[in-house]
*Asks:* 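Attaching a single structure in C-alpha cells format; questions to follow.
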Amino acid sequence: MNRKKTILDMQRMKAAAEKISVLTSYDYPFTRIMDECGVDVILVGDSVGVVFDGYDNTLPVTIEEMIYHSRAVVRARPKALVVADMPFLSYQVDFRDARLNAGRLIKEGGAEAVKLEGGKGVADIIQAIVEIDIPVMAHVGLTPQSIHRMGGYKVQGKQEEQAERLLEDALAVEKAGAFAVVLEGIPLKLAKKITEELTIPTIGIGAGPYCDGQVLVIHDILGLCEKYSPKFVKKYADCQAVIHDAVASYISEVKKGEFPTEGHSFN
C-alpha cells in the first residue's frame, strides 16, 4: 500500500484478519527506515523516557517532550499511521486538560491519533477526546504509568477476578470510542478472549500471538536498551555491538593518525 494509512485501515485489517505491525519511533532517521519497510503504525511512545532519555520509567516524560519527538517523526512523512502517547498527568486531571493536550499532539506534534493508558477509569476521558474528532488508541493490562500501584512491571490478569476486570476495561474503552487497544503484559488466553470479544483491533505487547497486531520498542528489537530485556521481546539485531565496534575503530584510527587521510580532506 503506497497511500497514507488511517484508522479505517486498522479496522479493515481486523475484519480481514490481517495482522497489524506497530513499532515505536522517536526521531527522523528511524522513522524513515521503518516506514520504508512498510510498518503499519508508528507509535511515538512515552517509552522514549526510558530508552532515549535514560529515565527509570515513563513518568517524568512531559507533553512538551512528546510534541518534540512527534514533530521529528512526522518530518519523515511516513505513510504509516502516527500515534502519539499522552504522558502521565497530561489527561488524568480533567476533560479540559485531556482535550487540550491531545489537541496539541495533533496540531503541534503532527500526530494523527493519541494513545492513553487505562480502562473504565478513563473511558469518559477517551469519549471526551473522541468527541472533538481526535482518534484515541487505548491501553489496558500492564500500564507503565501505573507501576507504583502495580508494584512494578508485573503481568496482569492471572487471577480470574483480575482477568474479568481487564475484559471489562477493554469493553469500556471500545464503547467510549477508542479505535484500537493495546493489550500489555497479560496471559495469552485472556488476550485471545478479549480480541474475540472486541470489534476494534487489539495490539499486543507481551500478550501472545492471538492479538490483531503486535507492538515492540524499536530499541529493544535492535539490542540497544541495556536497562531490561523482557521475556516478550525478540532481539532481531545486535546493533549495540555494531555501534561499539564502529566507535572503537574510529577512536583507534584517530589515535594512530590513520584518520583522516588525504582522501577525506579538501585541496
*Asks:* Heavy atoms, side chains only, cut-off 4.5 Å: are Ile20 and Asp9 in contact?
*Replies:* no

*Asks:* Nearest heavy-atom pair of Gly157 and Ala163: which atoms, and what distance?
*Replies:* O-CB, 3.6 Å

*Asks:* I want to check something: taking the side chain as every heavy atom from C-beta on, are Leu171 and Leu198 in contact at a cut-off of under 4.5 Å?
*Replies:* yes

*Asks:* Looking at Val140 and Gly118, what are the two nearest heavy atoms and their distance?
*Replies:* CG1-O, 3.6 Å

*Asks:* Side chains of Gln240 and His219, heavy atoms from C-beta outward: is any pair under 4.5 Å?
*Replies:*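 Of all side-chain heavy-atom pairs linking His219 with Gln240, none is under 4.5 Å.
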
*Asks:* Can Leu105 be reached from Leu59 by stepping across I, L, V, M, F, W or Y side chains whose heavy atoms are under 4.5 Å apart?
*Replies:*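 No, Leu59 does not connect to Leu105 through the hydrophobic network.
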
*Asks:* Sequence neighbours left out, what pairs pass salt bridge (charged side-chain N to carboxylate O under 4.0 Å, His left out) with at least one residue falling in residues 188-203?
*Replies:* Glu164-Lys193, Lys192-Glu196

*Asks:* Thr24 and Phe30: side chain to side chain contact (heavy atoms under 4.5 Å, CB included), yes or no, with the steps?
*Replies:* CA-CA 9 Å; Thr24 65; Phe30 272 119; over 6 Å; no

*Asks:* Does Ile33 belong to the same Ile/Leu/Val/Met/Phe/Trp/Tyr cluster as Leu43, with side-chain heavy atoms less than 4.5 Å apart forming each link?
*Replies:*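 As far as the 4.5 Å side-chain criterion goes, Leu43 and Ile33 are not connected within one cluster.
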
*Asks:* Any salt bridge (charged side-chain N to carboxylate O under 4.0 Å, His left out) pairs touching residues 239-267, not counting sequence neighbours?
*Replies:*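 Every candidate salt bridge (charged side-chain N to carboxylate O under 4.0 Å, His left out) pair involving residues 239-267 fails, so no pair, neighbours aside, qualifies.
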
*Asks:* Closer than 3.5 angstrom, by distance alone: can the side chain of Asn101 be matched with the main-chain N or O of Ser90 as a donor-acceptor pair?
*Replies:*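 Pair found, side chain donor or acceptor close to backbone of Ser90.
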
*Asks:* Any chance you could measure Arg104, atom CZ, to Met86, atom CE, to the nearest 0.5 Å?
*Replies:*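 Separation between the atoms: 10.5 Å.
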
*Asks:* What ring pair (Phe, Tyr, Trp, His ring centres under 6.0 Å) pairs are there with at least one residue in residues 134-169, not counting sequence neighbours?
*Replies:* none

*Asks:* Tell me the closest heavy-atom pair linking Ile194 and Ala170, and the distance in Å.
*Replies:* CG2-CB, 3.6 Å

*Asks:* Can you tell if the side chain of Met66 reaches within under 4.5 Å of the side chain of Val48, non-hydrogen atoms only?
*Replies:* yes

*Asks:* Do side-chain atoms of Lys115 reach the backbone of Gly45 as a donor and acceptor pair under 3.5 angstrom?
*Replies:* no

*Asks:* Could you go through the side chain to side chain contact (heavy atoms under 4.5 Å, CB included) check for Val182 and Val22 one step at a time?
*Replies:* CA-CA 10 Å; Val182 171; Val22 187; over 6 Å; no

*Asks:* Is a donor on one side and an acceptor on the other found under 3.5 Å between the side chain of Asp35 and the backbone of Thr31?
*Replies:*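 Answer holds: no.
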
*Asks:* Taking the side chain as everything from C-beta on, heavy atoms only, tell me whether Phe179 gets closer than 4.5 Å to Ile200.
*Replies:* no

*Asks:* According to the salt bridge (charged side-chain N to carboxylate O under 4.0 Å, His left out) rule, which pairs have a member within residues 173-186, sequence neighbours left out?
*Replies:* none

*Asks:* Would you compute the distance between atom SG of Cys225 and atom CD1 of Ile218 and round it to the nearest 0.5 angstrom?
*Replies:*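 Here the rounded value is 12.5 Å.
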
*Asks:* Which residues pass the side chain to side chain donor-acceptor pair (under 3.5 Å) test with Glu112, not counting sequence neighbours?
*Replies:* Lys4

*Asks:* With ring pair (Phe, Tyr, Trp, His ring centres under 6.0 Å) as the rule and sequence neighbours excluded, what pairs involving residues 73-117 come up?
*Replies:*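 Those involving residues 73-117 do not exist here.
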
*Asks:* Quick check for you: to the nearest 0.5 Å, what is the distance between Arg99 atom CZ and Ile134 atom CD1?
*Replies:*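 Spacing of CZ (Arg99) from CD1 (Ile134) equals 9.0 Å.
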
*Asks:* Are side-chain heavy atoms of Met10 and Lys14 found at a separation under 4.5 Å?
*Replies:* no

*Asks:* Identify the heavy atoms of Val61 and Gly49 that sit nearest to each other, and give their distance.
*Replies:* CG2-CA, 3.6 Å

*Asks:* Working to the nearest 0.5 Å, report the span between CD of Gln162 and CG of Leu167.
*Replies:* 13.0 Å

*Asks:* Taking side chain to side chain donor-acceptor pair (under 3.5 Å) as the cut-off, I'd like each qualifying pair that reaches into residues 38-58, sequence neighbours left out, listed once.
*Replies:*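 Output for this query lists Lys5-Asp40, Ser21-Asp40, Tyr26-Ser47, Asp46-Gln145.
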
*Asks:* Please name the pair of heavy atoms, one in Ala84 and one in Ser70, separated by the smallest distance, quoted to 0.1 Å.
*Replies:*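 Residues Ala84 and Ser70, closest heavy atoms: CB-OG, 3.5 Å.
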
*Asks:* Once you round to the nearest 0.5 Å, how far does CD of Gln92 lie from CG of Leu89?
*Replies:*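 Taking CD in Gln92 and CG in Leu89, the distance rounds to 5.5 Å.
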
*Asks:* With sequence neighbours excluded, tell me which residues meet side chain to side chain donor-acceptor pair (under 3.5 Å) with Thr261.
*Replies:*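 Per chain and number, Thr261 pairs via side chain to side chain donor-acceptor pair (under 3.5 Å) with His264.
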
*Asks:* When you compare the side chain of Lys19 with that of Gln214, does any pair of heavy atoms fall below 4.5 Å?
*Replies:* no

*Asks:* Do Val181 and Ile129 share a hydrophobic cluster, counting only Ile, Leu, Val, Met, Phe, Trp and Tyr and linking them when any side-chain heavy atoms are less than 4.5 Å apart?
*Replies:* yes

*Asks:* Using the test salt bridge (charged side-chain N to carboxylate O under 4.0 Å, His left out), find all partners of Glu160 that sit at least two apart in sequence or belong to another chain.
*Replies:*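 So Glu160 forms no salt bridge (charged side-chain N to carboxylate O under 4.0 Å, His left out) with any residue.
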
*Asks:* Any idea how Phe52 and His69 line up, ring-wise: parallel (<30°), tilted (30 to 60°), or perpendicular (>60°)?
*Replies:* perpendicular

*Asks:* Supply the atom-to-atom distance Lys231 NZ to Lys234 NZ, rounded to the nearest 0.5 angstrom.
*Replies:* 15.0 Å

*Asks:* Are Leu23 and Val215 connected into the same hydrophobic cluster when the rule is that any two of I, L, V, M, F, W, Y join if their side-chain heavy atoms are below 4.5 Å apart?
*Replies:*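 Yes, because Val215 and Leu23 connect within a single hydrophobic cluster, where side-chain heavy atoms sit under 4.5 Å apart.
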
*Asks:* For Ala98 and Ile125, work out which heavy atoms get closest and say how close.
*Replies:* CB-CG2, 3.6 Å

*Asks:* Any chance you could pull the hydrophobic cluster mates of Tyr210, using side-chain heavy atoms under 4.5 angstrom and chaining through other members?
*Replies:*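 Its cluster mates, by chain and number, are Leu188.
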
*Asks:* In chain order, what residues pass the side chain to side chain donor-acceptor pair (under 3.5 Å) check against Asp27, with sequence neighbours excluded?
*Replies:*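 Per chain and number, Asp27 pairs via side chain to side chain donor-acceptor pair (under 3.5 Å) with no residue.
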
*Asks:* With clusters defined by side-chain heavy atoms of hydrophobic residues (ILVMFWY) lying less than 4.5 Å apart, directly or transitively, does Ile7 cluster with Met13?
*Replies:* yes

*Asks:* Which residue pairs satisfy the salt bridge (charged side-chain N to carboxylate O under 4.0 Å, His left out) criterion with at least one member in residues 136-157, sequence neighbours excluded?
*Replies:*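 Salt bridge (charged side-chain N to carboxylate O under 4.0 Å, His left out) check on residues 136-157 returns no pairs.
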
*Asks:* Is any side-chain heavy atom of Leu224 less than 4.5 Å from a side-chain heavy atom of Val51?
*Replies:*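 Not touching, per the 4.5 Å side-chain cut-off.
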
